[in-house]
Amino acid sequence: MFDHVIFNMIVLIGVNIFKCKSFLKVASENIRTVRQLRVFRKKWEESKKEDGTKWHFLEHKGPLFAPAYEPLPDTVKFRYDGKVVKLSQDSEEVAGFYARMLDHDYTTKSTFNNNFFGDWRKVMTHEETKLIKDLSKCDFKEMQAYFQSLSEKNKNRTKEEKAALKAKNEEIQKEYGFCIIDGHKEKIGNFRIEPPGLFRGRGEHPKMGMLKRRVMPEDVLINCSKDSKIPKPPAGHKWKEVRHDNTVTWLASWTENVQSQAKYVMLNPSSKLKGEKDWQKYETARHLHKSIDKIRDTYRADWKAKEMRVRQRAVALYFIDRLALRAGNEKDDDQADTVGCCSLRVEHIELHKEKDGKEYVVVFDFLGKDSIRYYNEVPVEKRVFKNLEIFMEHKKGSDDLFDRLNTQTLNEHLKDLMPGLTAKVFRTYNASITLQKQLEELTDPDASIPEKILAYNRANRAVAILCNHQRAVPKGHSKSMEALKEKIQTKRDQVDEAEADYRDATKAAKRGSVKEKLACDKKKKALERLKEQLKKLELQETDRDENKTIALGTSKLNYLDPRISVSWCKKHGVPIEKIYNKTQRDKFRWAIDMAGPDYVF
DNA sequence: ACCGGTACTTAGAACTCGATTT
DNA sequence: AAATCGAGTTCTAAGTACCGGT
């Protein structure tokens with residue numbers, strides 16, 4: 001039902017927004033009037049959705065494989081236990097992966113080293129395994145130095161070399177980077193097959209350091225139209241399979257060997273296919289906005305439910321809604337130990353009847369996606385607090401907090417509350433509504449453009465904090481802050497100087513001639529310019545410091561309805577380029593075309 | 001109800017590159 | 001001309017969600 005509503009909107013507005021030029025061109029040869037065109041297009045779109053069809057025609061060149069291994073020159077030695085050992089090609093390649101990572105933190109971790117060494121031994125010849133039994137006796141230093149010198153050389157390439165390289169890359173992009181889908185030429189996202197290397201898991205990943213094998217054409221599935229030009233595998237090779245499944249959007253896929261997970265070649269976010277999906281996501285979130293009051297009433301009422309299952313669901317949903325927690329699917333234990341809402345364990349929260357003058361405080365402390373720490377002290381309703389006490393009764397720290405709940409049952413319940421509703425919609429919804437509210441609150445219509453941009457970044461930041469989007473403090477942060485401060489001081493001195501100059505000039509102008517008045521005007525302008533520059537620097541300082549550990553990109557790209565930003569720009573005369581860079585503008589083209597200054601999420 | 005498989009979105013780190021400073 | 005820096009881009013891991021078989 002809901003799908004149908006969205007689908008109708010897509011059909012109605014989609015004609016205008018996506019301006020499907022090539023499709024229209026093809027069609028217009030046979031169809032003359034705009035009305036006929038719309039009818040045709042609508043039928044075509046309809047046939048698409050009902051049965052999960054994602055495309056009618058798909059043609060591409062297949063993925064691009066990683067370059068073949070280049071053996072080391074004989075001058076670069078590997079040593080074992082002090083003695084030079086000439087490794088077989090495969091062993092050498094894998095050793096090289098490790099050598100490249102030598103000054104990375106990973107190589108200090110025993111899990112990483114053990115996994116690496118285990119997998120390395122598997123590719124060694126029998127001879128090599130007999131000799132090389134202890135990683136700590138391996139000396140990769142020369143290999144490391146060689147790779148360093150290589151990248152040094154790459155950096156020092158001449159202009160001509162760089163230009164040639166760039167041209168070659170563009171050639172590759174042109175050949176492999178695009179596909180034809182339903183009459184459109186669209187950019188592909190990741191057309192390169194991942195090169196072999198050592199697996200870099202995030203956090204305490206039990207598989208870190210394992211060998212990620214080289215992917216061969218024989219591993220790769222190709223997906224395209226039956227009547228398209230089927231991509232050719234590299235000479236002497238075969239594809240694993242060529243299939244023609246138009247219910248999925250991927251062009252190629254393979255299974256990565258470390259975690260046995262499928263990898264896909266898919267379209268770029270700028271594509272129509274991805275754009276429509278993105279749009280639909282925000283429409284669902286807007287739909288939630290309409291029922292959020294009722295849903296909140298429901299889960300609050302459920303805090304008193306007889307069934308513990310329902311109470312747990314209601315408390316979890318409250319966390320998801322209020323704190324923008326992720327759903328928290330179960331994980332296997334061959335992955336890093338991280339949790340989301342449904343998978344929280346007793347050890348991840350602490351209850352305080354009173355903390356820092358606040359009542360009924362829940363302290364969350366756990367590792368979430370990508371092993372990013374979530375720490376938050378949250379005063380909650382007494383009823384929530386009491387429920388949590390019950391959920392935790394007779395449990396160990398390692399027991400599930402919500403033992404009667406998982407993401408499937410939660411999402412089943414959400415579907416009943418609203419069609420299309422799942423746990424992640426709350427994150428999208430709360431992120432977008434927060435941006436809209438914050439923009440409203442922080443934007444002074446009379447402020448300058450840089451001040452407005454600061455306001456925007458602050459609104460963006462509020463969302464990033466809500467979603468716990470963190471990043472490592474940038475390497476040179478404190479240094480660059482100092483430099484900026486110094487710059488500001490210099491500018492201040494300049495302003496003072498200019499002020500004095502201007503004062504003198506005013507005096508001179510009072511009794512002076514036209515010439516002195518002109519000079520005075522000039523001084524005034526100079527002063528104003530300096531003042532503006534100073535203000536800009538000061539804003540930059542605030543912005544950068546507040547952003548130290550907060551990543552704005554993720555929310556901007558994935559959670560904030562771009563129409564909110566677009567309408568804000570239009571309303572306040574801020575050029576969209578100040579908010580979205582080129583890639584972002586491509587991705588959000590649909591929103592830039594769609595939203596006027598009055599758009600409300 | 002559970003489980004493994006599949007497809008897709010979301011995520012921070014690493015890398016690249018061009019502008020700016022030294 | 002070299003070094004530095006940060007914005008932009010690429011990379012790929014790690015999530016969510018759902019399906020179909022048992």
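All chains are named by letter (A, B, ...) in the order of the sequence lines, taking the proteins before the strands, and each is independently numbered beginning at 1.
- Under 4.0 angstrom from either OP1 or OP2 of dG15(C) there lies at least one side-chain N or O belonging to Lys331(A).
- Annotation: salt bridge (charged side-chain N to carboxylate O under 4.0 Å, His left out) contacts of Arg373(A) (sequence neighbours excluded): Asp365(A).
- Taking the six-membered ring for Trp and the full ring otherwise, Phe364(A) and His348(A) have centroids separated by 6.0 Å or more.
- Stacking of Arg100(A) on the aromatic ring of Phe147(A) is recorded, both the 6.0 Å distance cut-off and the 45° axial limit being met.
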Produce the list of close N/O pairs, under 3.5 Å, pairing protein atoms with atoms of nucleotides 6-8 of chain B; give distances to one decimal.
{"from": "dA7(B)", "atom 1": "OP1", "to": "Trp250(A)", "atom 2": "NE1", "distance (Å)": "3.4"}
{"from": "dA7(B)", "atom 1": "OP2", "to": "Trp250(A)", "atom 2": "NE1", "distance (Å)": "3.3"}
{"from": "dA7(B)", "atom 1": "OP2", "to": "Tyr264(A)", "atom 2": "OH", "distance (Å)": "3.0"}
{"from": "dC8(B)", "atom 1": "OP1", "to": "Lys54(A)", "atom 2": "NZ", "distance (Å)": "3.1"}
{"from": "dC8(B)", "atom 1": "OP2", "to": "Thr249(A)", "atom 2": "N", "distance (Å)": "2.8"}
{"from": "dC8(B)", "atom 1": "OP2", "to": "Thr249(A)", "atom 2": "OG1", "distance (Å)": "2.9"}
{"from": "dC8(B)", "atom 1": "O5'", "to": "Thr249(A)", "atom 2": "OG1", "distance (Å)": "3.3"}

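- Both the sub-6.0 Å distance and the 45° axial angle are not jointly satisfied by Lys207(A) relative to the ring of Phe199(A).
- Lys424(A) has a side-chain polar atom (N or O) that falls below the 4.0 Å cut-off from OP1 or OP2 of dT10(B).
- Contact annotation: the side chain of Gln312(A) approaches that of Asp403(A) to within less than 4.5 Å [non-hydrogen atoms, C-beta and beyond].
- For the residue pair Arg427(A) / Tyr559(A), a side-chain donor-acceptor distance below 3.5 Å is found, with atom types taken as modelled.
- Between Asn190(A) and dC11(C) there is no side-chain N or O to OP1 or OP2 distance below 4.0 Å.
- The main-chain N or O of Asp321(A) is found under 3.5 Å from a side-chain atom of Asn430(A) such that the two form a donor-acceptor pair.
- Looking at heavy-atom distances under 4.0 Å, Ala423(A) makes contact with sugar-phosphate atoms alone, never a base.
- In terms of phosphate contacts, Gln259(A) brings a side-chain nitrogen or oxygen within less than 4.0 Å of OP1 or OP2 of dA14(C).
- The residue among Tyr559(A) and Glu412(A) whose nearest nucleotide of DNA chain B is located toward the 5' end is Glu412(A).
- Put simply, His205(A) has a side-chain N or O that comes within less than 4.0 Å of OP1 or OP2 on dA14(C).
- At a threshold of 4.0 angstrom between heavy atoms, the contacts of Pro195(A) are confined to the sugar-phosphate backbone, with no base atom among them.
- Among the protein residues, Gly553(A) comes within range of no part of the nucleic acid, since none of its heavy atoms lies under 4.0 Å from any strand.
- Taking 4.0 angstrom as the limit, Thr407(A) places none of its side-chain polar atoms (N or O) nearer than this to OP1 or OP2 of dA17(C).
- Taking only side-chain nitrogens and oxygens, Thr554(A) never comes nearer than 4.0 Å to OP1 or OP2 of dA11(B).
- In this structure, Arg326(A) does not reach the dA17(C) phosphate: none of its side-chain N or O atoms is under 4.0 Å from OP1 or OP2.
- Atom CD of Glu204(A) sits in a sparse spot, with 12 or fewer heavy atoms from other residues, nucleotides or ligands closer than 6.0 Å.
- Within the model, atoms OG1 of Thr255(A) and CG of Asp219(A) stand 8.0 Å from one another, a figure rounded to the nearest 0.5 Å.
- Mapped onto DNA chain C by nearest heavy atom, Leu421(A) and Lys582(A) fall at different nucleotides, with Lys582(A) at the one closer to the 5' end.
- Counting non-hydrogen atoms under 4.0 angstrom, Gly328(A) reaches the backbone sugars and phosphates but no base.
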Contacts under 3.5 Å, N or O only, protein and nucleotides 13-16 of chain B:
{"from": "dA14(B)", "atom 1": "OP1", "to": "His104(A)", "atom 2": "NE2", "distance (Å)": "2.9"}

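- Checked by atom type, the side-chain pair Asn411(A)/Thr422(A) shows no donor-acceptor distance below 3.5 Å.
- Between Asn329(A) and dT16(C), a side-chain N or O to OP1/OP2 separation shorter than 4.0 Å is present.
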